Amino acid sequence: MIDRAPTTVIEVTGAADLAGQATRLLAAGHRLALIAAHHDTAEHPGGPAIRIVYLFTAGPPDQRVELILRADPDRPHIPSLAALSFPAGRFEREMRDLFGVEPDNHPLPRQLVRHPHWPVGWHPMRHDAPARPPMTAAEPFPFLTVEGDGVYEIPVGPVHAGLIEPGHFRFSVVGETILRMKARLWYVHKGIEKLFEDKLATEAVPLAERISGDTAVGHGLAYALAVEDALGVTVDPGIQRARLALLELERLHNHVADIGALCNDVAYGIAHAHTQRIRERLFRLNARVTGHRLLRGSIRPGCVQVLEVPAIAEIKEIAGDLADIVEIALRHTVVRDRFTGTATLTRQQAADIGTLGYVARASGLTYDARIAHPLADVEVTPVVRTGGDVLARFQVRAEEAAASAALLAELLPTLAAGLFGTPPGMPGTHRSGVGIVEGWRGAIVHRAEIGPDGRLSRVKVVDPSFLTWPALPIALADTIVPDFPLTNKSFNLSYAGNDL
């Protein structure tokens with residue numbers, strides 16, 4: 001049985017203490033997984049405050065450390081950690097927009113989530129914020145203008161052709177060479193974290209599953225693990241193996257889709273057509289396993305339900321079919337030429353930004369939450385490439401799909417169809433917990449706080465796209481405009497998962 005690591009909680013007393021503790025943890029190999037603000041009322045055990053939770057994680061072995069800093073709710077200021085950690089600067093800007101927390105000495109304290117029509121001074125995650133005040137006149141977003149001989153701008157979006165979600169990209173170019181690209185997101189900000197508030201902890205998985213539609217298992221499982229951690233629930237190893245199998249089925253169908261889409265972006269449509277055939281087969285398999293093509297509805301706190309255990313022979317056949325397509329595509333000179341050397345993200349850049357998932361592993365980083373924070377006693381070897389280009393990201397996806405099929409072949413003989421586990425009871429006291437899952441895009445983190453009545457007082461969600469989106473403009477520097485669709489697809493980051 002895999003024992004979940006208890007979280008070490010450290011109360012910090014001020015700027016120097018916070019910076020010192022954060023520096024120590026980062027130097028020891030921890031990563032900053034999230035920063036979450038909480039607007040505590042007088043009923044909270046710690047009294048009224050804006051409470052900031054800094055979660056640092058490392059592994060193996062599984063390690064979790066929380067630094068707690070309290071700020072005056074009437075004038076919340078915190079010391080910025082942006083000089084120590086790039087992700088910290090983005091979390092701080094997010095808190096500034098949603099909670100009104102001012103990060104002192106932040107190098108770029110401008111809006112991140114907040115859009116131009118939001119009223120000045122409206123911070124919707126605070127308990128004293130008006131529900132829906134009238135929108136104000138739009139303010140222009142402060143895009144950096146690049147000037148010089150021959151420089152011009154190309155705006156793309158926020159409305160795009162096809163089914164892509166809204167995001168605005170502004171390119172500063174000379175000829176076709178991209179000097180700078182700025183991505184403006186949060187057009188689909190839905191207030192997901194606010195929607196979690198006051199829901200029964202045992203009944204909120206359907207909301208978690210819809211954070212990013214293609215990552216229902218990843219987010220649903222991360223949420224369930226957070227609730228189980230908060231309530232001190234120990235889950236049977238068989239349940240965890242079934243959950244891991246669902247996670248690999250989700251990884252498999254998404255990687256299959258992206259492998260084909262990347263080929264399609266360089267006009268190799270026949271490969272795309274065949275991957276769509278395989279993806280449809282996987283969707284039908286998903287429906288047999290869970291009753292839903294996107295694998296929704298099987299995971300709940302303390303429980304898992306499997307309607308049908310897939311046959312190993314079918315998984316192996318699908319994996320072999322995909323491997324043939326990958327081999328043929330990479331032998332095609334046009335595909336290989338367009339992928340090779342395009343939009344390179346170096347290992348140092350990926351590390352500095354805090355990049356996760358297949359994007360990070362294609363640049364030589366090895367982090368995988370299945371290894372750092374394991375669910376079940378199975379061996380996982382991260383797929384790593386060092387090229388950092390579109391080709392490397394394609395190869396990592398293809399090899400991860402093959403690895404998922406192999407892992408499923410190991411897990412499936414140990415599984416059975418049925419409903420397993422028991423929903424947890426009420427906590428009785430204020431509790432908090434963390435769930436960490438290696439979703440198909442990278443590490444997903446949920447942190448849940450539950451009141452004595454079993455209702456959620458706060459859920460903080462970090463989709464890997466939030467941490468990886470800043471790497472896309474870096475990779476695009478000095479590429480050409482026609483490389484953008486291909487590069488964007490090689491990252492394939494979630495707008496919904498980022499925007500929440």
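Quick caveat, the model's predicted, so the values are computed rather than measured. Residue numbers start at 1 and run along the sequence shown.
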Residues [X] and [Y] bridged, charged N to O under 4.0 Å:
X    : Y    : value
D321 : R281 : no
E92  : R96  : no
E165 : K190 : no
R370 : E248 : yes

Give me each pair satisfying side-chain hydrogen bond (donor to acceptor under 3.5 Å, both in side chains) with a member in residues 284-294, each pair once, sequence neighbours excluded.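 For residues 284-294, and leaving out neighbouring residues, the side-chain hydrogen bond (donor to acceptor under 3.5 Å, both in side chains) pairs sorted by first residue read E280-R284, E280-R293, R288-E308, R288-E314.
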
side-chain hydrogen bond (donor to acceptor under 3.5 Å, both in side chains): which pairs involve residues 490-500, sequence neighbours left out?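 Sorted pair list: S212-S494, D258-N492, R393-S490.
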
Please list, chain by chain and in numerical order, all residues satisfying salt bridge (charged side-chain N to carboxylate O under 4.0 Å, His left out) with E438, sequence neighbours excluded.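 Partners of E438 under the salt bridge (charged side-chain N to carboxylate O under 4.0 Å, His left out) test: R361.
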
Taking side chain as C-beta onward, heavy atoms only, is I10 less than 4.5 Å from F56?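 Side chain of I10 against side chain of F56, heavy atoms only: no contact under 4.5 Å found.
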
Check whether any side-chain heavy atom of V390 lies under 4.5 Å from a side-chain heavy atom of K489, and answer yes or no.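 Contact flag for V390/K489 side chains = no.
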
Output yes when a side-chain donor or acceptor of [X] lies under 3.5 Å from a complementary backbone atom of [Y], and no otherwise.
X    : Y    : result
R251 : G439 : yes
D368 : P382 : no
H115 : L185 : yes
R93  : Q111 : yes
R277 : H272 : no
E193 : V461 : yes
E209 : R296 : no
S298 : V306 : no
E250 : G218 : yes
D229 : G433 : no

Between L249 and H253, is a side chain to side chain contact (heavy atoms under 4.5 Å, CB included) present by the stated rule, with each step listed? CA-CA 6 Å; L249 283 173; H253 83 71; 5.9 Å; no

Flag if over 12 foreign heavy atoms under 6.0 Å of CG, D324: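 Yes, the 6.0 Å shell around CG holds more than 12 heavy atoms from other groups.
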
Atom CG of residue position D104 - does it have more than 12 heavy atoms of other residues, nucleotides or ligands inside 6.0 Å?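 Enclosed: over 12 neighbouring heavy atoms sit under 6.0 Å from CG of D104.
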
Side-chain donor-acceptor distances from residues 168-179 under 3.5 Å, at least two apart:
| from | atom 1 | to | atom 2 | distance (Å) |
| --- | --- | --- | --- | --- |
| H168 | ND1 | V156 | O | 3.4 |
| H168 | ND1 | G157 | O | 3.1 |

Residues in side-chain hydrogen bond (donor to acceptor under 3.5 Å, both in side chains) with Y358, at least two apart?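 Per chain and number, Y358 pairs via side-chain hydrogen bond (donor to acceptor under 3.5 Å, both in side chains) with R397.
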
Any idea how H219 and H446 line up, ring-wise: parallel (<30°), tilted (30 to 60°), or perpendicular (>60°)?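 Ring orientation, 0 to 90° scale: tilted.
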
Under 3.5 Å, sequence neighbours excluded: what are the donor-acceptor pairs made by side chains of residues 333-344?
| from | atom 1 | to | atom 2 | distance (Å) |
| --- | --- | --- | --- | --- |
| R338 | NH1 | D483 | OD1 | 2.9 |
| T340 | OG1 | R336 | O | 2.6 |
| T342 | OG1 | R338 | O | 2.6 |

